[in-house]
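Report on one structure; see the data block that follows.
Keep in mind that this is a model prediction, so the values were computed, not measured. All values below come from the heavy atoms of this structure, side chains included, with hydrogens, waters and symmetry mates left out.
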Amino acid sequence: MEALVVRRLGDPTLPPGGDDAPFEAVSGGQPVPELSSPTSVRVRVAATSLNFATFLQVQGKYQERPPLPFIPGSDYAGVVDAVGPGVRRFRPGDRVCSLASVGSFAEFIVTEEKALFAVPDGCDMVAAGALPVAFGTSHLALAHRAQLKSGQVLLVLGAAGGVGVSAVQIGKVSGAIVIAVARGIEKLQYLKSIGADHVIDSSKENVIESAKSFLKARGLKGVDVLYDPVGGKLTQDSLKLLNWGAHILLIGFASGDVPVIRANIALIKNWTIHGLYWGSYLIHRPAVLIDSLNELLSWLSKGLITVQISHTYRLPEAHLAFAALRDRKAVGKVMLVMGSSAKSRL
């Protein structure tokens, strides 16, 4: 089978097989994984998602560092290829999606039956493969942790990325007033199209002044929930907008700068600061994660949310996919799609 194998840690934007590249050259010579238990399922992968965590992991900069060599990857969708004798919920040909700590950047992956979710009829498989991590992160953060309510104000930083776009949509499904921050006119237009009430171009505008003007015009005091996958100075500045009793959701630090939030200010303002590492719910609160993903798949099938696919690539073009992620060219998700039908675009 084809697979993208990390042979050394390094820059994932280098073409596979090069002297300095972390990836081996992609070929069809990797062994197809065998079923590993009576309840295991082998899935033929249709599409798999690129996430910023994977970008860091290939460089050895993520908190989880699998031993070399390894096949990276996280969320994916595909069709059941084979099942163990103890599997009851699925059979070959069923459409499924799931997430993995590693392994989805390949034509086949083996997982346990309990880790799989049925993809409802009518759902696009590429969209289903993009849903678990980005939308799962935002749904747990907003619905479970911050308990976002109708009429509250949600401020989304990095709103045009995978998790940002999902946060905007989930905020609107929840009835919130959404302020979305991104860079560039194309991204702002898209965010408006999916329901953002106010958009701010952080490359041209003063984020704080623009947000304050919008809030004043709406007769609103401030922001109730801050959704932050960016970090850095933008986080520090955004704290000035928060209401008493606000929730701060720390999703990631795409800027490379981990912000400092002063505990005495959080005390005085009665802020609640949530760190959210979505993958750890698989270990500590699996039932919460399962319920969340099932609700999201239901929303997807009903059209309440849509998954914006910004770029698609084949496995040998993975370095281009990582470059799109690095250069923030994406509006939504960057995907690897198996087979010759995949089309790359920038």
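- Between F322 and F23, the two ring planes are parallel [angle under 30°; tilted spans 30° to 60°].
- Between K172 and D197 there is a salt bridge, since at least one side-chain N of the basic residue sits less than 4.0 Å from a carboxylate O of the acidic one.
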Report the C-alpha distance between Y227 and S138 in whole Å, list the side-chain angles of each, state the deciding distance to 0.1 Å, and finish with yes or no for side chain to side chain donor-acceptor pair (under 3.5 Å).
CA-CA 9 Å; Y227 184 96; S138 295; 2.7 Å; yes
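- Side chains of Q59 and P12 form a contact here, defined as non-hydrogen atoms less than 4.5 Å apart.
- For the atom pair NE2 (H198) and CD1 (I177), the distance works out to 12.5 Å, reported to the nearest 0.5 Å.
- When the ring pair (Phe, Tyr, Trp, His ring centres under 6.0 Å) test is applied to F55, the partners found at least two apart in sequence or on another chain are F52.
- Between H319 and P16 there is a side-chain heavy-atom pair separated by less than 4.5 Å.
- For CZ of R89, the number of neighbouring non-hydrogen atoms (other residues, nucleotides, ligands) closer than 6.0 Å is greater than 12.
- Listed for the S49 side chain is no donor-acceptor partner under 3.5 Å among the backbone atoms of A130.
- Residues satisfying the side chain to side chain contact (heavy atoms under 4.5 Å, CB included) criterion with S37, sequence neighbours excluded, are T39, S40, E112.
- Side-chain contact between V102 and Q57 is present, with heavy atoms from C-beta onward closer than 4.5 Å.
- Checking side-chain atoms of D327 against main-chain N and O of A324 turns up no donor-acceptor pair under 3.5 Å.
- Between the E209 side chain and the N206 main chain, no donor and acceptor come within less than 3.5 Å of each other.
- When only modelled atom types and interatomic distance are considered, N51 and D75 share a side-chain donor-acceptor pair under 3.5 Å.
- Panel note: side chain S301, backbone C123; no donor-acceptor pair is recorded below 3.5 Å.
- With no hydrogens or angles considered, a side-chain donor-acceptor pair links D11 and T13 at under 3.5 Å.
- Between M125 and R95, some side-chain heavy-atom pair lies under the 4.5 Å cut-off.
- In this structure, the ring pair (Phe, Tyr, Trp, His ring centres under 6.0 Å) partners of W299, at least two apart in sequence or on a different chain, are H139.
- Expressed to the nearest 0.5 Å, how far OG1 of T48 lies from CE of M335 amounts to 6.5 Å.
- Under a 3.5 Å cut-off, the side chain of E107 and the backbone N or O of R44 do not form any donor-acceptor pair.
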Residue pair L282, L99: steps toward the side-chain contact (heavy atoms from CB on, under 4.5 Å) verdict:
CA-CA 10 Å; L282 273 176; L99 57 137; 3.3 Å; yes
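- A heavy-atom distance below 4.5 Å is not found between the side chains of V26 and E24.
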Could you give me the CA-CA distance, side-chain angles and deciding distance for V199 and Y190, then say whether side-chain contact (heavy atoms from CB on, under 4.5 Å) is met?
CA-CA 10 Å; V199 295; Y190 173 70; over 6 Å; no
Evaluation steps, side chain to side chain donor-acceptor pair (under 3.5 Å), between S255 and D257:
CA-CA 5 Å; S255 68; D257 185 3; 5.4 Å; no
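- Remark: side-chain polar atoms of S203 are not paired, donor with acceptor, to backbone N or O of R183 under 3.5 angstrom.
- Judged by distance alone, the side chains of K269 and N243 never bring a donor and an acceptor atom under 3.5 Å apart.
- The shortest side-chain heavy-atom distance between V225 and V153 does not fall under the 4.5 Å cut-off.
- S292 places no side-chain N or O within donor-acceptor distance of the main-chain N or O of V288, the cut-off being under 3.5 Å.
- A side-chain donor-acceptor contact under 3.5 Å links R145 to the backbone of G275.
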Could you walk me through whether I305 and L296 satisfy the side-chain contact (heavy atoms from CB on, under 4.5 Å) test, starting with their C-alpha distance in whole Å, then the side-chain angles of each, then the deciding distance to 0.1 Å, before giving a yes or no?
CA-CA 8 Å; I305 56 175; L296 286 168; 4.0 Å; yes
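- Looking only at side-chain heavy atoms (C-beta outward), L241 and L155 come within less than 4.5 Å of each other.
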Output, in order, the C-alpha distance, side-chain angles, deciding distance and verdict of side-chain contact (heavy atoms from CB on, under 4.5 Å) for I71 and V6.
CA-CA 6 Å; I71 298 172; V6 177; over 6 Å; no
